[in-house]
Undergrad: 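Have a look at this one before I ask anything.
Below, read A as the first sequence line, B as the second, and so on, with proteins coming before strands; counting in each chain starts at 1. This one's a predicted model, so the numbers in the text were calculated from it and none came from an experiment.
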Amino acid sequence: MPELPEVETIRKYLNKTILRKRIVNIKVFSKKQFPNNSEEIVGAKILSVKRRAKNLIIELSNEKTLLIHLKLSGQLLWRPKTLNKTTRIVIVFDKGELVFNDLRKFGWIKILNLDQLDLELKKFGPEPFSKDFSIKYLQKVFKKSIRPVKTILLDQEKIAGIGNIYANEALSEAEISPQKPVKALTIEEIKKLRKAILLVLRQGIKYNGASAADKLYLKPDSSNGSYQQHFRIYQKNGEKCKKCNTIIERINLGGRGTFFCPKCQNMSRFRYI
DNA sequence: ACTTCAACCTGTGGGC
DNA sequence: TGCCCACAGGTTGAAG
Ligand SMILES: [Zn+2]
């Protein structure tokens, strides 16, 4: 479910609502998703809520942190009306509760000290909104791989935070075939792609993230994001491309649904292999 | 060192 | 209704 814009939307909300609150209890209904001893953080206060890649980092007053990954179906809801059968963890504060729902049970919350946190986060590539995410960096990374460009966009060690929605949307915006071997991108295409990535991520944040067809993504106040209303290509197979009216196709690339306009994002005019 | 792909879970929706 | 298949915002580790 949540990619950079969704996690960032959640981060901003939580950084307002749980700041300086004290953890008084933790209810764990799915042990493997909260493998540590909750006693370690009962009594601690929230100092900040940060994000790295698709991870949320909650900094606590006792030199410990909570590292949270929502994977495909995780939700963090602030004082929801009810718990449900997907509720896996509840963090109880002196005032209010933060509820972790997760239909598919892939997500997790870990308690880490500061060294362990650094260790966990050092593998990620540059944040798209940092200066490290430069044309020069992309050229360096792209020329080393023959994998399809979309696969590289999803590789968190190369670029942090892009997931399947925003990879599809960025390639549509840049009019580049998802299957194109990444080392075959021209400098112009790399510039166009970088710009497209920044654009779709900014739009995603502006619209509070995307709640796609299955509505698994919710903001902490239990409302939907609205970026799905602005999708160019994601899950639009069978519909007409807005630019050229060609029917949008769906293929499987690296096990992920991949959507593209065969005319605007074509590769057939060229030979790569 | 690189790339691919099953595995981790629990659904929903469509075709027959 | 029921069964079977495809599909779902992610990551990992094993195998080639
Ligand atoms: Zn088109």
Side-chain angles (χ1 to χ4, degrees), chain A residues 1-11 29-35 51-56 67-76 84-89 100-110 119-121 123-125 128 141-172 179 181-183 197 200-201 203-205 207-219 224-238 249-259 273:
Chain A
M1 146 219 280
E3 310 179 29
L4 187 155
E6 288 75 29
V7 178
E8 183 62 18
T9 300
I10 295 168
R11 184 200 69 76
F29 306 113
S30 173
K31 187 72 178 77
K32 72 158 198 167
Q33 296 183 266
F34 194 104
R51 181 191 59 76
R52 177 79 172 99
K54 299 167 191 167
N55 296 269
L56 278 170
L67 186 66
I68 302 179
H69 202 301
L70 301 171
K71 293 289 179 81
L72 284 158
S73 61
Q75 305 171 333
L76 282 172
N84 63 41
K85 65 181 176 183
T86 73
T87 299
R88 312 301 180 195
I89 297 155
F100 179 87
N101 292 341
D102 188 5
L103 171 67
R104 295 179 70 180
K105 296 185 173 178
F106 293 155
W108 42 254
I109 300 179
K110 296 178 195 172
L119 214 60
E120 291 258 359
L121 297 182
K123 64 184 171 194
F124 293 108
V141 169
F142 286 4
K143 74 179 180 195
K144 282 192 286 196
S145 175
I146 60 160
R147 297 158 84 195
V149 55
K150 177 161 176 270
T151 309
I152 296 291
L153 297 188
L154 293 173
D155 185 340
Q156 302 299 299
E157 296 184 15
K158 304 296 187 296
I159 306 169
I162 301 176
N164 204 31
I165 290 178
Y166 295 91
N168 276 297
E169 292 294 315
L171 288 165
S172 167
Q179 304 175 82
V182 72
K183 66 156 62 168
I197 289 168
V200 300
L201 293 176
Q203 289 178 339
I205 293 170
Y207 291 105
N208 298 306
S211 300
D214 53 15
K215 295 217 173 174
L216 245 26
Y217 164 69
L218 297 177
K219 295 188 287 175
N224 292 321
S226 54
Y227 192 50
Q228 65 280 4
Q229 295 166 22
H230 304 273
F231 283 170
R232 300 154 181 75
I233 206 92
Y234 183 72
Q235 289 180 335
K236 290 200 179 291
N237 44 326
E249 291 181 13
R250 181 194 184 283
I251 58 168
N252 194 296
L253 205 57
R256 316 302 303 280
T258 300
F259 309 87
I273 302 167

Undergrad: Apply side-chain contact (heavy atoms from CB on, under 4.5 Å) to A:E249 and list each qualifying residue two or more places apart in sequence or on a separate chain.
TA: A:F260, A:P262
Undergrad: Between C:dA8 and B:dT3, how far is it from one P atom to the other, in whole Å?
TA: 24 Å
Undergrad: Base, sugar-phosphate, or nothing for A:L154, non-hydrogen atoms under 4.0 angstrom?
TA: nothing
Undergrad: For DNA chain B, what are the stems built from at least three Watson-Crick or G-U pairs in a row, each pair having both distances below 3.5 Å?
TA: B:2-8 with C:10-16, B:10-16 with C:2-8
Undergrad: Looking at residues at least two apart in the chain, or sitting in another chain, which of them share a side-chain contact (heavy atoms from CB on, under 4.5 Å) with A:K32?
TA: A:S30, A:K105
Undergrad: List the atom of A:I10, the atom of A:L56, and the distance in Å for their closest heavy-atom pair.
TA: CG2-CD1, 3.8 Å
Undergrad: Taking only residues two or more places apart in sequence, or in another chain, which ones meet A:F100 in a ring-ring contact (aromatic ring centres under 6.0 Å, His included)?
TA: none
Undergrad: Which protein N or O atoms sit under 3.5 Å from an N or O of nucleotides 9-15 of chain B?
TA:
| unit_1 | atom_1 | unit_2 | atom_2 | d |
| --- | --- | --- | --- | --- |
| B:dC9 | OP1 | A:K32 | NZ | 3.4 |
| B:dC9 | O2 | A:R104 | NE | 2.8 |
| B:dC9 | N3 | A:R104 | NH2 | 3.1 |
| B:dT10 | OP1 | A:K105 | NZ | 3.0 |
| B:dT10 | O4' | A:L103 | O | 3.4 |

Undergrad: Mind checking side-chain contact (heavy atoms from CB on, under 4.5 Å) for A:F106 and listing every partner two or more places apart, or none if nothing turns up?
TA: A:K71, A:L72, A:R104
Undergrad: Please list, for nucleotides 5-7 of chain C, all pairs of protein and nucleotide N/O atoms separated by less than 3.5 Å.
TA:
| unit_1 | atom_1 | unit_2 | atom_2 | d |
| --- | --- | --- | --- | --- |
| C:dC7 | OP1 | A:R250 | NH1 | 3.4 |

Undergrad: Under 4.0 Å between any heavy atoms, over every strand shown, what does A:D214 touch: base, sugar-phosphate, or nothing? Just pick one.
TA: base
Undergrad: Can you list every pair that meets salt bridge (Lys or Arg N to Asp or Glu O under 4.0 Å) and has a residue in residues 226-238 of chain A, with sequence neighbours left out?
TA: A:E169-A:R232, A:E173-A:R232, A:K236-A:E239
Undergrad: For a quick check of understanding: with a heavy-atom distance under 4.0 Å over all strands, which category does A:G255 fall into, base, sugar-phosphate or nothing?
TA: nothing
Undergrad: Write down the distance separating the P atoms in B:dC9 and C:dC3, rounded off to the nearest Å.
TA: 24 Å
Undergrad: Can you list the residues that meet the side-chain hydrogen bond (donor to acceptor under 3.5 Å, both in side chains) rule with A:T258, with sequence neighbours excluded?
TA: A:K150
Undergrad: To the side chain of A:Y234, which of C:dA8, C:dG10, B:dT3 is closest?
TA: C:dA8
Undergrad: Checking A:N208 now: which residues fulfil side-chain hydrogen bond (donor to acceptor under 3.5 Å, both in side chains) with it, not counting sequence neighbours?
TA: none
Undergrad: With sequence neighbours excluded, what pairs up with A:T87 under the side-chain hydrogen bond (donor to acceptor under 3.5 Å, both in side chains) test?
TA: A:N101
Undergrad: The criterion is ring-ring contact (aromatic ring centres under 6.0 Å, His included); which residues satisfy it with A:Y207, sequence neighbours excluded?
TA: A:H230
Undergrad: If you look at every strand shown and take non-hydrogen atoms under 4.0 Å, does A:S211 touch a base, only sugar-phosphate, or nothing?
TA: base
